[in-house]
Amino acid sequence: MSEFLFMPEQRGYPADYLRGRISSRKGGLITDWERLLATTDPLQGLALEEHSDEGIWRRLLAEYAWIWRQMEPKLRQVFAPYFTLLEFQTLVKVLRLNQAGGSERGAQLLEQSQLNPAIKAHLLSEAGVETVMAGLVPLLGAIDRRFYRLEEAFREEGLSGFELRLAGLCLEYRAERKMHPVIETFFRLSIDHRNLLAIAKHQRWGVDTAPAMIRGGHLSPSRLENAAKGGDGGALAELVRQTAGREVSKEDMEQLEPLLLAALTKEVRRMGRCDDEIGPILDYLWHRFMEARNLGILFHGTRLDRDTVRAELVQ
């Protein structure tokens, strides 16, 4: 998966040394979300160039860029699947900004991105999104032909369809290849969660056709198919209960994404305690990602009641 990323020339450090450097940065993590919920401007006091979605994402990318540069080459190879999944989100954000006429803002995001320079060059093009896509899809498809499906997704469903298909293809592509056990567990759980969310959305919208499932998760295709066909949602709720590791209520099913993210966060933290090398690094990276997600929710939820916002946070 390193084909999608920029590989620095510096040698970097092994996992045990990097863990020590990361531990000194954990003090900067946000832990008191209730305090931020009580403020009128939750982003005040944070190291942000601007209070916006892009400002929050640039803050995350800057921290990820620092960690990426600190890693030795073998360690980068271990984490390349995770960084690719993250950077594909950057790719979509830049495309959305370009489509909205904010190419300069997209270029600012790419300054901290670890995407392959060839991919960046397409994203920095002054051409329209359709033209950029015409060059970008073959570039990804040359790495694996399944990425050519992105062209159809964009043509039929726009950037929203492109984003969903890109994330799914990234997960599926990587799940077929050997990974470190910690990263593999993260990917397979992520696939399960996306499949469960897809089923829940189809049932909520009353769509007759079953959603396309991402291959490579822990949940078997037959069980997912059975849950997709279950009109009452009982089979889906059972899969969610098993995946989340606790009983789920009707209210939980209505807030499924934060529930599943909380379950994934719990598992990542467990691996951070049980694995001496890779687990703690993934735990820190994921903690930073969830921090950015929560900040985005606070930023957009300033006019909503606090209970509604609190339900979306993952703490």
Side-chain angles (χ1 to χ4, degrees), residues 1 78-86 88-89 146 149 153 161 163-205 207 209-275 278-279 282-283 285-287 289-290 293 312 314-315:
M1 213 105 193
V78 169
F79 279 95
Y82 177 87
F83 273 80
T84 301
L85 192 61
L86 181 282
F88 276 175
Q89 293 187 50
R146 78 190 76 197
R149 302 175 197 166
E163 180 178 13
L164 285 174
R165 185 71 62 87
L166 179 63
L169 290 175
C170 177
L171 289 165
E172 189 176 280
Y173 168 80
R174 193 59 245 187
E176 295 176 357
R177 289 157 175 80
K178 184 175 178 59
M179 290 182 281
H180 184 281
V182 166
I183 306 299
E184 179 180 349
T185 296
F186 175 86
F187 265 69
R188 297 199 186 283
L189 287 174
S190 296
I191 290 171
D192 288 339
H193 294 174
R194 286 178 180 268
N195 284 337
L196 292 174
L197 284 170
I199 293 172
K201 288 179 180 179
H202 272 62
Q203 290 184 348
R204 186 178 302 125
W205 297 335
V207 180
T209 57
M213 295 288 98
I214 305 169
R215 295 175 297 180
H218 290 301
L219 298 175
S220 68
S222 61
R223 298 189 69 193
L224 290 168
E225 182 180 353
N226 182 54
K229 292 178 179 178
D232 61 356
L236 174 61
E238 175 59 20
L239 289 183
V240 171
R241 183 192 69 79
Q242 294 180 17
T243 303
R246 68 173 180 83
E247 296 298 325
V248 294
S249 63
K250 182 179 179 181
E251 290 73 21
D252 288 329
M253 294 298 293
E254 293 173 355
Q255 295 287 336
L256 188 54
E257 184 175 13
L259 171 69
L260 292 174
L261 284 173
L264 180 55
T265 298
K266 182 178 179 181
E267 177 61 20
V268 170
R269 289 175 179 170
R270 185 195 68 78
M271 292 189 294
R273 294 190 299 270
C274 297
D275 183 87
I278 305 305
L282 177 63
D283 184 27
L285 288 167
W286 182 247
H287 201 144
F289 175 79
M290 294 309 300
R293 176 192 177 276
E312 290 292 332
V314 176
Q315 306 186 47

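Any value given below was found using the heavy atoms of this structure, including those in side chains, with hydrogens, waters and symmetry copies removed.
Between the CG atom of L282 and the CZ atom of F79 there is a distance of 5.5 Å, given to the nearest 0.5 Å. Taking OG1 of T185 as the start and CD of E267 as the end, the distance is 6.5 Å to the nearest 0.5 Å. Between the CG atom of L219 and the CG atom of N195 there is a distance of 7.5 Å, given to the nearest 0.5 Å.
Contact annotation: the side chain of V78 never approaches that of M179 to less than 4.5 Å [non-hydrogen atoms, C-beta and beyond]. Between M271 and D283 the shortest side-chain heavy-atom distance does not fall below 4.5 Å. In this structure, the side chains of R174 and I183 stay at 4.5 Å or more apart for every pair of heavy atoms. Proximity of K201 to P211: side-chain heavy atoms (C-beta onward) are nowhere separated by under 4.5 Å. When side chains are defined from C-beta on, F88 does not count as touching F83, because their heavy atoms never get closer than 4.5 Å. In this structure, the side chains of L169 and L166 stay at 4.5 Å or more apart for every pair of heavy atoms. No side-chain heavy atom of H193 sits under 4.5 Å from any side-chain heavy atom of L261. Considering only heavy atoms from C-beta on, V182 stays 4.5 Å or farther from Y82 through its side chain.
For the pair R246 and D252, the salt-bridge criterion is met [side-chain N within less than 4.0 Å of a carboxylate O].
In terms of heavy-atom proximity, A235 sits nearest to N226 at CB-ND2, 3.8 Å. S190 and L264 make their closest contact through OG-CD2, 3.9 Å (heavy atoms, listed as atom of the first residue, atom of the second, distance). Minimum interatomic distance between T243 and L196 (heavy atoms only, all atoms of both residues): OG1-CD1, 3.7 Å. Heavy-atom minimum distance, A227 versus L239: CB-CD1, 3.7 Å. Contact record, I199 with M213: CG1-CE, 3.8 Å, taken as the closest heavy-atom pair. Shortest non-hydrogen contact noted between C170 and F187 is O-CE2, 4.3 Å.
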Next on the checklist: Show, in sequence, the C-alpha distance, side-chain angles and deciding distance for L85 and F186, and conclude whether the side-chain contact (heavy atoms from CB on, under 4.5 Å) test is met.
Outcome noted: CA-CA 11 Å; L85 192 61; F186 175 86; 4.2 Å; yes

Item to check | Derivation and outcome, side-chain contact (heavy atoms from CB on, under 4.5 Å), residues E312 and R293 | outcome: CA-CA 10 Å; E312 290 292 332; R293 176 192 177 276; 3.9 Å; yes

Item to check | Step-by-step side-chain contact (heavy atoms from CB on, under 4.5 Å) determination, V268 to H287 | outcome: CA-CA 9 Å; V268 170; H287 201 144; over 6 Å; no

Next on the checklist: Does M253 form a side-chain contact (heavy atoms from CB on, under 4.5 Å) with R241? I'd like the steps, not just the answer.
Outcome noted: CA-CA 10 Å; M253 294 298 293; R241 183 192 69 79; over 6 Å; no

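Looking only at distances, a side-chain donor or acceptor of E172 sits under 3.5 Å from a matching main-chain atom of R215. Checked by atom type and distance alone, the side chain of H202 pairs as donor or acceptor with a backbone atom of A198 at under 3.5 Å. For the pair R177 (side chain) and Y173 (backbone), a donor-acceptor distance under 3.5 Å is present. When atom types are taken as modelled, the side chain of E254 and the backbone of S249 share no donor-acceptor pair closer than 3.5 angstrom.
Pairs of residues two or more places apart, or lying in two chains, that qualify as salt bridge (Lys or Arg N to Asp or Glu O under 4.0 Å) and include a residue from residues 178-198 are E184-R188.
Between the side chains of Q255 and E251, not a single donor N or O lies within less than 3.5 Å of an accepting N or O.
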